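One structure is given here, and the rest of the page talks about it.
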Amino acid sequence: MKNYLLTVFKKAETDIPALKEITLVFEKPKLAGYGDLATNAAMLLSKKLKDNPRAIAQQILDSLKVDPKVIYKTEIAGPGFINFFFTKEYVTYIIKKIIDKKDSFGKSEKYAGKRANVEFVSANPTGPLTVGHGRNAVVGDTVANLLEWVGYEVDREYYFNNAGRQMRVLGDSVRLRYLEIIGEQISFPEDYYQGEYIKEIAMQLYIKYGDSLKNDDPEGIFKDTAEKEIFSDIKKSLENLGIIHKIFFNENSLYKDGKINELLDYFKSNGLSYEKDGAIWLKLSALSKNEDKVIIKSTGEPTYRLPDIAYHAVKINRGYDLLIDVFGSDHNATYPDVLAGIKAIGLNPDKVKVMIQQFVTIMDGDEVVKMSTRKANYITLDELTSEVGKDAVRYFFNMRNINSHMVFDLSIAKKKSDENPVFYVQYAHARINSILNRVKEVQLEISTNNLELLVHDDEQHLIKTLFQFEEEVELSADSLETHRICTYLYELAAAYHRFNKTCRILGTETKLAEARLALSYAAMIVIKNGLSILGVSAPEEM
RNA sequence: GCGCCCGUAGCUCAAUUGGAUAGAGCAUCAGCCUUCUAAGCUGAGGGUUAGUGGUUCGAGUCCACUCGGGCGUACCA
């Protein structure tokens, strides 16, 4: 529909040259009475042409040559909107297109040949993934899917650090639990890792080595074993959600490869760093930031900023056209420093898009399920997945705008009814599949020969909802908003369920029944495609 | 104090990124199965979009301030 209007407007430019100067927008009006698509072009032109919008709208309409077989009515409405009404015969062509393209309907080549990198999760291996990481993981993976749908070649990446203070504390936590097991008196510091998993790792070591590790260094076998075990658990948790990273990037490699020293030299020789109080400071004040920040502590250890800048430089230099970082909101104060650092070394920070993810509250009905990494009573991502299943986890985390706090209600996610949006959408798919199986018995075939018979309001509404899918995918990808896909699928499922109620297939005259079958089949394809973007299964039976 | 995010129906959230009369689900109330899954559908009530001012043809959306919540504000990551 949109493409048709674009072509028609293009031709009108000879009459009204000013049309070239504005970006044409066609959108679906909220109210059905305002037609299928509307444009505000006349309002945008009113300033340039110094005439009132409704008069300009009339001029535009006079210059447009629309085919009455495609558009049966146009009108000028409100302050100067032009509304277009498409014929019922015309809109049904989308059904043919969907059935023709099947799994690839909704995919576009908009960014074909471009490469993107999505960095997400990136939790250090100090403990099991939390539900917060889960939201990050699901949205990151789904954004990667979306980018693939619009043509990008996407690398999924996980950045981690297995050195530094956190990991030392981890090793020592295991060592203390180990000593406890072999009967030594210990005092376990409060800021050490309290979780049961530490004791389990210590127990494994005891089973394998007895008490022979009594005098071992915390950073030796204790840390190494903990890292290995925890990382393997993390990867398993992600796999349970269908998430597989292509690249695991170890911060340490930046030191080994000399990237850190290169960066330090660059800052120094360009007057962007200086020494004060035994530390090295990055002159962010020279980069339109408020204050300078330390990049090397007086102990000689770098702060997170230095490797982060080096890491982003490495990624940009791999030649990506787009880099996405999915961060927790605890990073919200730090990434601007990193972007400033990237700019300082002459790379383009505009390629980097940062998604800040807000917190998740887990509820079970009216009850808040507490989360705390330190305390014992917290729910891990694995527990969540096994409680409600992969599909619900992925759908629920994708369902809400990433930069809003969200409530994840376990009791709803577990329900097998229309209260649970995952089931509502999946059920629409299963229902269509069941119809397709059923009609075989009465020898009805899917046919696109008589689509013009689909004139019922509920048929037309369903068709127009199908029409929106391609645009919705593109919009979601461009805005990095996965929740739009959920909202869309819910609407599509609702449109289908309603159609299913009012427009029966069995017992209907053959031509109409077969056209309705084609429409049902098209809806099934689009639901499946949408769910696959989300990484949610499309069951054939429920 | 300062920075970022958020505030929309009783609850959980949308709103085509500045468009026309702010929409769904849950909950409440009233209905619909001799026919393809009632795991579904239909209808009703429910709003000063936290508040005040501003920008313009037009604001839930942009700007300023105020109030409320979250996360930061380290020579932790």
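Keep in mind the model is a prediction, meaning the values are calculated, not measured. The basis for the numbers below is simple: all heavy atoms, side chains too, and nothing from hydrogens, waters or symmetry mates. Below, chain A is the first sequence line, B the second, and so on; all start at residue 1.
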Using a heavy-atom cut-off of 4.0 Å across all strands, would you classify [X] as base, sugar-phosphate, or nothing?
X	value
A:Pro53	nothing
A:Asp277	base
A:Thr487	sugar-phosphate
A:Cys486	nothing
A:Glu27	base
A:Asp308	nothing
A:Ala38	base
A:Ser46	nothing
A:Arg504	base
A:Asp366	nothing
A:Thr303	sugar-phosphate
A:Pro307	nothing
A:Met406	sugar-phosphate

message = Could you go through A:Tyr159 and A:Phe248, starting from their C-alpha distance and side-chain angles, then the distance that decides it, and tell me whether this counts as ring pair (Phe, Tyr, Trp, His ring centres under 6.0 Å)?
response = CA-CA 6 Å; A:Tyr159 177 68; A:Phe248 283 84; over 10 Å; no
Write down the distance between [atom1] ([X]) and [atom2] ([N]), rounded to a whole number of angstrom.
X	N	atom1	atom2	answer
A:Asp337	B:C76	CG	P	14 Å
A:Phe408	B:C11	CZ	C1'	17 Å
A:Glu541	B:C36	CD	P	16 Å
A:Leu282	B:C75	CG	P	13 Å
A:Arg305	B:C76	CZ	C1'	10 Å
A:Arg400	B:C11	CZ	C1'	11 Å
A:Met355	B:C71	CE	P	21 Å
A:Leu31	B:A20	CG	P	9 Å

task = State whether A:Lys30 places a side-chain N or O below 4.0 Å from either non-bridging phosphate oxygen (OP1 or OP2) of B:A20.
result = yes
What pairs of nitrogen or oxygen atoms, one from the protein and one from nucleotides 1-6 of chain B, lie under 3.5 Å apart?
residue : atom : partner  : partner atom : Å
B:G3    : N2   : A:Asn332 : OD1          : 3.1
B:G3    : N2   : A:Asn332 : ND2          : 3.3
B:C4    : O2   : A:Asn332 : ND2          : 3.1
B:C5    : O2'  : A:Gln358 : NE2          : 3.3
B:C5    : O2'  : A:Asn403 : O            : 2.6

ask   = Between A:Phe120 and A:His245, is a ring pair (Phe, Tyr, Trp, His ring centres under 6.0 Å) present by the stated rule, with each step listed?
value = CA-CA 9 Å; A:Phe120 60 113; A:His245 288 82; 4.3 Å; yes
task = Please test A:Gln426 against A:Asp391 for side-chain hydrogen bond (donor to acceptor under 3.5 Å, both in side chains), starting from the C-alpha separation and ending with a verdict.
result = CA-CA 10 Å; A:Gln426 287 182 321; A:Asp391 286 345; 2.9 Å; yes
ask   = For A:Glu367, does the CD atom sit with more than 12 other heavy atoms under 6.0 Å from it, leaving out its own atoms?
value = no
Just checking, any donor-acceptor pair under 3.5 angstrom between side chains of [X] and [Y]?
X	Y	value
A:Thr142	A:Arg394	yes
A:Glu474	A:Tyr111	no
A:Asn252	A:Asn162	yes
A:Asp308	A:Tyr335	no

Distance between the [atom1] atoms of [N] and [M], in whole angstroms?
N	M	atom1	value
B:C36	B:U12	C1'	33 Å
B:U16	B:G7	P	13 Å
B:A77	B:A15	C1'	37 Å
B:G69	B:G23	P	31 Å
B:U55	B:U61	C1'	14 Å
B:G72	B:G10	C1'	33 Å
B:C26	B:G18	P	31 Å
B:U49	B:C41	C1'	31 Å

Whether A:Tyr490 stacks on the six-membered ring of B:G25 base, 5.5 Å and 30° limits = no
ask   = Excluding sequence neighbours, so at least two apart, what forms side-chain contact (heavy atoms from CB on, under 4.5 Å) with A:Asn332?
value = A:Ile356
ask   = Dot-bracket for RNA chain B: what is it, with Watson-Crick or G-U pairs under 3.5 Å, [ ] where a pair crosses earlier ones, and | for a pair to another strand?
value = (((((((..((((.....[...)))).(((((.......))))).....(((((..]....))))))))))))....
Show the distances under 3.5 angstrom between N or O atoms of the protein and N or O atoms of nucleotides 41-46 of chain B.
residue : atom : partner  : partner atom : Å
B:C41   : OP1  : A:Tyr424 : OH           : 2.4
B:U42   : OP1  : A:Arg498 : NH1          : 2.9

query = Taking only residues two or more places apart in sequence, or in another chain, which ones meet A:Asn420 in a side chain to side chain donor-acceptor pair (under 3.5 Å)?
reply = none
inquiry  = Suppose we screen for side chain to side chain donor-acceptor pair (under 3.5 Å). Which residues come up paired with A:Asp458, at least two apart in sequence or across chains?
reply    = A:Arg498, A:Thr502
message = Run the ring pair (Phe, Tyr, Trp, His ring centres under 6.0 Å) test on A:Tyr424 and A:His497 for me, step by step, so that the C-alpha distance in whole Å, both residues' side-chain angles and the decisive distance to 0.1 Å come before the verdict.
response = CA-CA 9 Å; A:Tyr424 185 79; A:His497 286 309; 4.8 Å; yes
ask   = Taking it one step at a time, do A:Phe231 and A:Tyr158 satisfy ring pair (Phe, Tyr, Trp, His ring centres under 6.0 Å)?
value = CA-CA 12 Å; A:Phe231 229 136; A:Tyr158 188 124; 5.5 Å; yes
inquiry  = Tell me if B:C33 is syn or anti. Syn = glycosidic torsion within 90° of 0, anti otherwise.
reply    = syn
Salt-bridge criterion met for A:Lys511 and A:Glu514 (N-O under 4.0 Å) = no
